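Below: one structure, written as structure tokens.
Values reported hereafter were calculated over all heavy atoms of this structure, with side chains retained and with hydrogens, waters and symmetry mates removed. Remember, it's 1-based here, ligands and their atoms both numbered in the order they're listed. Just so it is clear, the model here is predicted, and its values are computed rather than measured.
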Amino acid sequence: MSSEQTQDRPIGIFDSGVGGLTVVAEIFKLLPGESIVYFGDVGRYPYGGRSRETITRFARQDIGFLLEHKVKFIIAACNSASAVALDKVKEEFDAEILGVIEPGAKAAVSVTRNNRVGIIGTRATITSDSYAKAIQKRRKEVKVFSLACPLFVPLAEEGYIEKEATFLIARDYLKTLIDVDIDTLVLGCTHYPLLKKVIGEVMGKEVRLIDSAEETAREVAAVLSVRNLMRPSGGQVTHKFYVSDVPEKFSQIADRFLGRTINNITRVDITRY
Ligand code: DGL
């Protein structure tokens with residue numbers, strides 16, 4: 001296969017559902033010339049409260065599905081899947097796969113001044129300790145404070161973006177992180193960028209928020225460029241969206257996550273992969 005043919009292939013992105021569209025939004029901004037194949041596992045959502053074995057099995061199938069679409073690069077947009085399954089699953093495939101943990105950890109280390117970093121995410125992400133390990137591998141003096149904030153996911157999906165209830169929950173969750181004097185907070189979940197304003201207000205201006213979706217898109221751009229895999233400009237860009245259950249809810253809330261409407265969402269049987 002010539003490098004031109006590989007460059008033309010789409011980027012594959014998977015997530016447990018609609019949340020990974022925050023990563024797609026950043027890819028659209030940074031790499032507008034790239035085509036995308038997205039898989040949202042809405043039928044088995046959420047991943048964040050599930051076991052390592054289950055998430056690993058799901059991630060394996062999600063990747064298998066994307067590879068059938070001849071993608072040149074795979075992004076595990078889901079923090080829970082990246083945190084608990086990716087190290088293992090990556091070894092099983094002959095494919096370039098990037099999760100969201102390393103880019104988020106890298107950014108946190110470069111931003112913190114007082115070496116005190118907070119991580120928020122789903123239970124699966126927090127229990128895995130993956131962010132803390134990735135941060136301390138880069139700089140072992142950094143102290144990491146991790147906190148699961150599971151209610152943030154349904155709040156973002158239901159459009160409770162700046163409601164009083166969301167502020168109340170955020171204040172309650174985040175007070176333990178305020179007390180430990182962090183200067184950097186990683187939004188370690190696909191849904192949290194939607195709640196940036198609330199989280200930022202509760203944490204205060206001195207705390208820098210790291211958006212793992214943004215950092216991942218930057219990393220993808222860098223890797224594609226170094227490997228000469230960037231799609232040349234011009235030509236038709238096509239985006240395809242697949243889900244593992246009825247697409248209605250996905251399409252209804254996709255606008256909020258992506259900032260644009262998605263048509264043509266196809267339902268697939270992910271258990272075949
Ligand atoms: N996509 C998940 C994550 O980033 C959040 C939703 C879920 O629990 O599946 O961790």
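Ligand 1 lies out of reach of Gly121, whose nearest heavy atom is not under 4.0 Å from it.
If you look at Thr122 next to ligand 1, the close heavy atoms, those under 4.0 Å, all belong to the side chain. By the criterion of a heavy-atom distance under 4.0 Å, the side chain of Ser16, and not its backbone, is placed next to ligand 1. Neither the backbone nor the side chain of Val100 comes within contact range of ligand 1; no heavy atom lies under 4.0 Å.
Counting all heavy atoms, side chain and backbone alike, Ala134 lies closest to Ile101 at CB-CG2, 4.2 Å. The two residues Tyr131 and Val100 come nearest to each other via the heavy atoms OH-O, 3.8 Å.
Within the set Val18, Thr190, Val84, Ile126, the minimum heavy-atom distance to atom 5 (C) of ligand 1 is found for Thr190.
Taking the six-membered ring for Trp and the full ring otherwise, the centers of Phe241 and Phe39 sit at least 6.0 Å from each other. Proximity of the aromatic rings of His191 and Phe257 is defined here by a centroid distance below 6.0 angstrom, and this criterion is met.
Judged by distance alone, the side chains of Arg227 and Gln7 never bring a donor and an acceptor atom under 3.5 Å apart.
Considering only non-hydrogen protein atoms, atom 10 (O) of ligand 1 sits nearest to Ser80 OG, 2.6 Å.
Under a 4.0 Å criterion applied to the non-hydrogen atoms of Gly48, ligand 1 contributes the atoms 7 (C), 8 (O), 9 (O). Under a 4.0 Å criterion applied to the non-hydrogen atoms of Tyr47, ligand 1 contributes the atoms 7 (C), 8 (O), 9 (O). Shown in contact with Asp15 at under 4.0 Å from a heavy atom are these atoms of ligand 1, numbered in order with element: 1 (N).
Distance CG/Leu177 to CG/Leu147: 5.0 Å, rounded to 0.5 Å.
The distance criterion of under 3.5 Å between nitrogen or oxygen atoms is not met by His191 with respect to ligand 1.
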Determine, stepwise, if the pair Lys143 / Val117 fulfils side chain to side chain contact (heavy atoms under 4.5 Å, CB included). CA-CA 6 Å; Lys143 237 178 137 18; Val117 172; over 6 Å; no
